[in-house]
Amino acid sequence: MAAVRVEEVLAAAEEQEADKRRSVTVEKELELEFDLGNLLALDRNPPPAAGLRGAGLRREALLRALARDNTQLLVARLWELPAERAGGAGGPLVARLPEPAFRLPREKPPPRPRPPTRWEQFARLKGIRRRKRTSLVWDEQAKEWRRRWGYRRAGGDPARAWLAEVPEGADPEEDQFARLRREKRERVARNELNRLRNLARAHRAGTAVPAAPLHPTGHQSREELGHVARVARVSTASLGRFQPRLPKEPAEPPSRSGGRKRRFEPLLGNLAAERSRQLELLRDMGSKKPVLDITRAVNKQLRQEEAEAAAAKGKKQSQRGKRGRRQQRAGRSSKKSRARQQQRPTSSSAGGGRRKKA
């Protein structure tokens with residue numbers, strides 16, 4: 001067994017220690033600019049131009065090393081911030097981030113504030129403040145805690161009670177259960193009308209701009225819901241790349257064009273196809289006979305014939321209407337003349353009788 005020298009062991013330990021220090025120590029000619037509020041680090045040092053030329057393993061390795069060094073500097077700055085335990089002594093160690101220094105751009109404008117309703121305006125005018133009430137109250141009849149509103153609420157629905165009190169001055173023959181049900185329907189209709197009025201007022205004011213034209217009662221079709229989800233996803237700064245996905249949503253992020261991608265011909269590569277397209281274009285420009293689209297020409301001719309037939313039909317109907325009005329006028333005038341002729345002999349005979357009596 002060969003003897004191990006102490007110098008070799010110490011040299012190996014020093015080399016291992018140097019490798020560890022090298023993994024956390026990064027030297028830069030120009031210091032990085034940090035925005036810890038946004039977890040952002042800006043590197044002003046120019047990258048080596050020789051290593052970034054071309055596309056190969058050397059370039060990928062250089063970019064990975066540059067990203068690793070900058071991330072190491074950012075993490076080292078985060079460890080310098082004041083830290084505390086979240087959720088008690090056994091919780092994870094978290095750092096308090098400062099306020100962001102850079103304002104990150106966003107693709108869509110920020111949402112505008114919702115206009116106040118009529119009740120909110122009245123409450124602000126009268127100084128009425130909202131008091132937060134608990135959602136559970138004690139029900140004396142059921143002897144248990146129940147919800148203040150909704151299904152199985154405390155006190156129950158008066159319209160579904162087994163006993164209804166007849167108010168003073170009411171008709172004793174009136175069905176009180178039917179009256180309670182009718183009043184409930186009227187309250188529901190009044191609330192829905194007020195909600196629609198608030199929506200119409202907000203639309204006229206121009207302050208509330210919805211993401212998509214949805215039905216006000218919530219009955220949206222599948223296409224409308226898909227359009228709203230697509231708009232909401234691409235409204236972030238990353239165009240929806242880091243947003244949580246729905247259960248049946250496709251893996252690729254939706255584009256703003258609804259999935260349709262523009263296709264461009266490559267600048268270099270297929271020269272034969274480009275040559276054939278250019279020759280075909282020159283051949284069409286040089287030929288004396290114009291390029292005729294048979295389908296388009298036939299469709300245009302059919303539309304013209306249909307328009308002419310519709311115009312002729314409308315003209316005939318207008319002429320028939322004029323003839324009918326003329327005939328009606330002629331019939332009325334003939335009836336009036338006949339009535340006058342019938343009245344004349346009766347008046348003359350009556351006058352002659354009077355003369356004979358005289």
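Here the structure is a predicted model, which is why all the values come from computation and not from measurement.
Between the D139 side chain and the R146 main chain, no donor and acceptor come within less than 3.5 Å of each other. Put simply, the side chain of R148 never gets that close to the backbone of V137: no donor and acceptor are under 3.5 Å apart. Within the 3.5 Å criterion, the main-chain N or O of P100 finds no donor-acceptor partner in the side chain of D35. In this structure, the side chain of N38 engages the main chain of F102 through a donor-acceptor pair within 3.5 Å.
Note that CD of Q72 is 8.0 Å distant from CG of D69, once rounded to the nearest 0.5 Å. Atoms CG and CD, on L57 and E60 in that order, are 8.0 Å from each other to the nearest 0.5 Å. Between the CG atom in N198 and the CH2 atom in W119 there is a gap of 13.0 Å [rounded to 0.5 Å]. The distance from atom CD of E31 to atom CG of N45, rounded to the nearest 0.5 Å, is 10.0 Å. Here the CG atom belonging to L196 is positioned 11.0 Å from the CG atom belonging to N191, to the nearest 0.5 angstrom. Taken from CD in Q121 to CG in L125, the straight-line distance is 9.5 Å, to the nearest 0.5 Å.
For K300, the NZ atom counts as loosely surrounded, since its 6.0 Å shell holds 12 or fewer non-hydrogen atoms of other residues, nucleotides or ligands. Atom CD of E186 has more than 12 heavy atoms from other residues, nucleotides or ligands within 6.0 Å. Under a cut-off of 6.0 angstrom, the local environment of CH2 in W149 is crowded, with over 12 non-hydrogen atoms contributed by other residues, nucleotides or ligands.
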Step by step, would you call E306 with R303 a salt bridge (charged side-chain N to carboxylate O under 4.0 Å, His left out)? CA-CA 5 Å; E306 291 177 357; R303 286 195 298 270; over 6 Å; no

Start with the C-alpha gap between R187 and R190, add the side-chain angles, then the distance that decides, and say whether side chain to side chain contact (heavy atoms under 4.5 Å, CB included) holds. CA-CA 5 Å; R187 288 196 303 270; R190 192 184 309 113; 3.8 Å; yes

Show your reasoning for whether side chain to side chain contact (heavy atoms under 4.5 Å, CB included) applies to L39 and L97. CA-CA 9 Å; L39 299 179; L97 298 179; 4.3 Å; yes

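Using modelled atom types, one finds a donor on one side chain and an acceptor on the other under 3.5 Å when comparing Q176 with R179.
Tracing side-chain contacts under 4.5 Å through hydrophobic residues (I, L, V, M, F, W, Y), one never reaches F34 starting from V75; they form parts of separate clusters. One hydrophobic cluster, built from ILVMFWY side chains closer than 4.5 Å, cannot hold both L40 and L74; they sit in different ones. Under the 4.5 Å side-chain heavy-atom criterion for grouping Ile, Leu, Val, Met, Phe, Trp and Tyr, L36 is connected to L73 within one hydrophobic cluster.
Note on E280 versus R277: no salt bridge recorded, every NZ/NE/NH1/NH2 to OD/OE distance being 4.0 Å or above.
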